[in-house]
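Report on the following structure.
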Amino acid sequence: MSTLFGESSGAVGGVPYDLFGPAVLAPTAGDESRDGSGGSGGLPRLDAEGLLDGLNPQQRAAVVHIGAPMLVVAGAGSGKTRVLTHRIAYLLAARGVRPGEILAITFTNKAAAEMRERVSALVGPRARAMWVSTFHSACVRILRSEAKRLGFGSSFSIYDAADAQRLITLVTRDLDLDPKRHPARGLAAQISNLKNELIDWEMARDRASSHPERTVAEVYAAYQQRLAQANALDFDDLIMTTVNLLQAFPDVAEHYRRRFRHILVDEYQDTNHAQYVLIRELVGQPAHGAGRAVGTVATGADETAGAGSATAAAGAGAAGAAVAMGESATWPSGAVPPGELCVVGDADQSIYAFRGANIRNIVEFEEDFPAAAVILLEQNYRSTQTILSAANAVIARNNQRKAKRLWSDAGDGEKIVGFVADNEHDEAAFVAEEVDRLTDAGLARPADVAVFYRTNAQSRVFEEIFVRVGLPYRVVGGVRFYERREIRDLLAYLRVLANPADTVNLRRILNVPRRGIGDRAEAALAGFAEAERIGFPAALARVGEVPGLAARSAKAVREFAALLTGLRAVEAQGPVALVEAVLERTGYLAELLAEDTIESQGRVENLQEFVGVVQEFVERNPEGSLAAFLEQVSLVADADQIPTDDGSDGVVTLMTLHSAKGLEFPVVFLTGLEDGVFPHLRTLGDPAQMEEERRLAYVGVTRARARLYLTRSVVRSAWGQPAYNPASRFLGEVPDALIDWRRLAEAAPPPATRTWGSGSAGSSFGSAGLGAAAGGSASARRPLANSPFAGRARPAARAVVELNQGDRVTHDSFGLGVVVAIAGFGDSAEATIDFGAEAGTKRLLLRYAPVEKL
DNA sequence: GATCTCTTACTTTTT
DNA sequence: GTAAGAGATC
């Protein structure tokens, strides 16, 4: 059936389209007579007009738009989620679209959940029939149902970055590559980049023109072979394989095009090439941007379609009507007309280019889709004008961008507060004091406050101070639950049970817990598998034939195989029973319990928590299989712990700028504003990366609703030694009139100049300003003890803390802890300290460890 | 095969 | 300052 709309009004395909056709054509719908009249009475009923209430003209135009692909350029805080959710509701209410015809794509599960929730609030339970999901889970869903076509089982494993890296390590070992010169991490990144560009291993091989490229291609080929053997796909494969599927099987593509008549994409600026092509394939309209299609096979019908609508819609203004007419006029009967595409994004918030996001997707949207409508949302409903002016001023320094200026009618509000600390501890102390002051004055609750920094390592100092002053906080990011060793071990067992071919995970658990199958035994098995051209799992079954395997090892392997067989028998009893059986029968739990250290107890607790996760899953999905559970875990990764505001005082949130995207807080501290920290050291020499850093600054600034603090530190210890970094260039880009400097650097910028003057005689100071950070040379890191400011700064040679068993301490990164044991004395004194379930137990050399007695 | 010690290299990372 | 990985040693 068709959701095309005819000339002006009337019913097409049984769906009534009245009223709305013409209105759409005016992108700026004039004045918004808020329709305060009685028109929208009944609440529960889906009221199309009511959905437009309270929207500004641009938002309204985006909600109501019909036909041609639409780009909504949504500046920070301009209500893009509102536009998306209202558009979806409006499609249902006004245009008779069925929920099942809607596919809404986001990048994070959190965003997907939020969108689903907000749509449900508007349209009720009907929302359940829609696909509101991440790119990856949408692809998994498609791949599982079409797995047969591609020749792999529908129970394929999903390898995350860590699994992928492990497998690449195995591959490089097989290929006899020097792991020093070819680190798995780098190879994994390169292969990932290729996949993001939809370059498969054969294409990579054919194009490789240099030795390093040939090496990557070789690894890539072997890696894909191993993945296939393991019946596994990595994250990037999920997208690329789906694209391949749609391109190779026109009937499959048509099936999904018929199904998804409306495709909405959030955070479009973060899409990579593969995701872009995926969207294009699903919409069914080939892009017109020249030379874009890498390995694209468009069907004949599509070509016709694209050309038809492009020509017809040449007049950009009247896009909607033109496309509609063009389509109905030129569409070959039986073919599926393109779906409606609505993408929302903000090029200024593109901060994932380093991971393959391609900013051109949004910048050149109009070239890709010549009939496209573009709507600009510039009114910001989040921040004060002061904050927006700062954001505008900073981002305006980027050359590669389209002009856009956020504005607000919320008034100027408070000035931005600037603060220069002598060292990072003072910077953190200032933040803590300020939060304290605001909360005491009733101006904010801890939950209203966020502290942002460039890198995770910077959270340490804040935690230390916050613990000391008793300010409740939560760090987002860092070591995640699902990345903990014991959790990954347990997951590896489950994955092997679900997918016996999963070699990477099988080899991970082969000797975990230790059962006497060491490296030699593993190598013998791998060699045998290679020689016999069978998979590693098959080699286990034929252990008797493996040459060079000690009798004792062979016995251990047999027992291991029997263990797995026994566990598979438990699978029918459900995931919970299975997980418990794994923990029991493998001896994993017993080993941890026997260890009986604080650390092992923490691990046991984590495993218990994991069992809880499984229980919860089963309660919610009574029919849920192990495979379904594993999929959820793979794709949800860490169901992020951004504190939700429940109305209580809550806690201060600490996170990196990257994690901050999409969030907002009444009070924001943007810290570490130093060249070399933010912008990061590695970006100083690269204009493109610098622009990305600036976008990151823009994201940070625009998270703030009412109060923004910009802080930096004159000296900061990096890698254990103090470094003097010049003020961040971003600070200088904020108009001074907007900033109320609470404290500035000492008049004579002493240590920095002196250090520089004495160190690098010939270097020009101008470039040295950057070099101060970039060089990381010894001269830049003179110990503070020599400086006149040593008293204020952190002591370079720390006095060894005297501790006794049972003392309570705080540690820069681990937080609160209790001393379990002490060994040695003087400079070699060593303490074993329990930092609780999160950090576990650590053995620290007190001479260096940043611990303080409480 | 397990354990210890030493070296190394440290962005960001929605999935 | 830390943690992971490699190499040496028990």
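Note: hydrogens, waters and symmetry copies are ignored here, and every other heavy atom, side chains too, is used. Throughout, protein chains are lettered first and strands after them, A, B, ... in sequence-line order, and every chain is numbered starting at 1. Bear in mind the structure is a predicted one, so any value in this text is a computation, not a measurement.
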Inset, instruction - May I ask you to decide if A:Asn231's main-chain N or O and A:Asn499's side chain share a donor-acceptor pair within less than 3.5 Å? - result: yes
Legend entry - For B:dT12, glycosidic torsion class - syn if within 90° of 0, otherwise anti: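 Nucleotide B:dT12 adopts anti.
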Inset, instruction - Assess whether one donor atom and one acceptor atom, taken from the side chain of A:Arg454 and the base of B:dT12, lie less than 3.5 Å apart. - result: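 Checked by distance alone, the answer is yes.
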Inset, instruction - Tell whether A:Arg355 reaches the base of B:dT15 with its side chain through a donor-acceptor pair below 3.5 angstrom. - result: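 Answer yes: a donor N or O sits under 3.5 Å from an acceptor.
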Would you kindly give the [atom1]-to-[atom2] distance between [X] and [N], to the nearest whole Å?
| X | N | atom1 | atom2 | result |
| --- | --- | --- | --- | --- |
| A:Arg181 | B:dA9 | CZ | C1' | 19 Å |
| A:His680 | B:dA9 | NE2 | P | 16 Å |
| A:Asn272 | B:dT15 | CG | P | 14 Å |
| A:Leu143 | B:dT15 | CG | P | 18 Å |
| A:Arg488 | C:dA3 | CZ | C1' | 16 Å |
| A:Gln349 | B:dT14 | CD | C1' | 14 Å |

Given [options], which nucleotide is nearest the side-chain atoms of [X]?
| X | options | result |
| --- | --- | --- |
| A:Arg682 | B:dT15, B:dT13, B:dC10 | B:dC10 |
| A:Leu635 | B:dT15, B:dT12, B:dG1 | B:dT15 |
| A:His658 | B:dT14, B:dT12, C:dG1 | B:dT12 |
| A:Asn456 | B:dT11, B:dT12, B:dT15 | B:dT12 |
| A:Arg514 | B:dT14, B:dT3, B:dT12 | B:dT3 |
| A:Asp270 | B:dA2, B:dT12, B:dT14 | B:dT14 |

Inset, instruction - Using heavy atoms to find the nearest nucleotide of DNA chain B for A:Gln689 and A:Arg520 separately, return the residue whose nucleotide is more 5′. - result: A:Arg520
Legend entry - Of A:Thr455 and A:Arg552, the one whose closest DNA chain B nucleotide lies more 5': A:Arg552
Inset, instruction - Would you indicate, yes or no, if C:dG1 has its OP1 or OP2 atom less than 4.0 angstrom from a side-chain nitrogen or oxygen of A:Ser717? - result: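 A:Ser717 to C:dG1 OP1/OP2: no side-chain N or O under 4.0 Å.
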Inset, instruction - Ignoring backbone atoms, establish whether A:Thr656 has a side-chain N or O less than 4.0 Å from OP1 or OP2 of B:dT13. - result: yes
Inset, instruction - Please test A:Phe107 against A:Phe135 for ring pair (Phe, Tyr, Trp, His ring centres under 6.0 Å), starting from the C-alpha separation and ending with a verdict. - result: CA-CA 6 Å; A:Phe107 275 85; A:Phe135 271 102; 5.2 Å; yes
Legend entry - Aromatic-base stack, A:His136 on B:dT15, cutoff 5.5 Å, angle under 30: no
Legend entry - A:Phe354 over B:dT12, stacked by centroid distance under 5.5 Å, angle under 30°: yes
Inset, instruction - Check whether any side-chain heavy atom of A:Asn244 lies under 4.5 Å from a side-chain heavy atom of A:Met240, and answer yes or no. - result: yes
Inset, instruction - Sort out for me which residue in A:Ile168, A:Leu170, A:Asp174 forms a side-chain contact (heavy atoms from CB on, under 4.5 Å) with A:Thr172. - result: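 Result for side-chain contact (heavy atoms from CB on, under 4.5 Å) with A:Thr172: A:Ile168.
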Once you apply a heavy-atom cut-off of 4.0 Å, does [X] come out as touching a base, just sugar-phosphate, or nothing?
| X | result |
| --- | --- |
| A:Gln275 | nothing |
| A:Tyr352 | base |
| A:Thr683 | base |
| A:Gly516 | sugar-phosphate |

Inset, instruction - Determine the interplanar angle of the A:Tyr276 and A:His273 rings, folded into 0 to 90°, and report it as parallel if under 30°, tilted if 30 to 60°, perpendicular if over 60°. - result: tilted
Inset, instruction - Could you walk me through whether A:His658 and A:Phe354 pass the ring pair (Phe, Tyr, Trp, His ring centres under 6.0 Å) test, one step at a time? - result: CA-CA 12 Å; A:His658 282 88; A:Phe354 75 94; 5.6 Å; yes
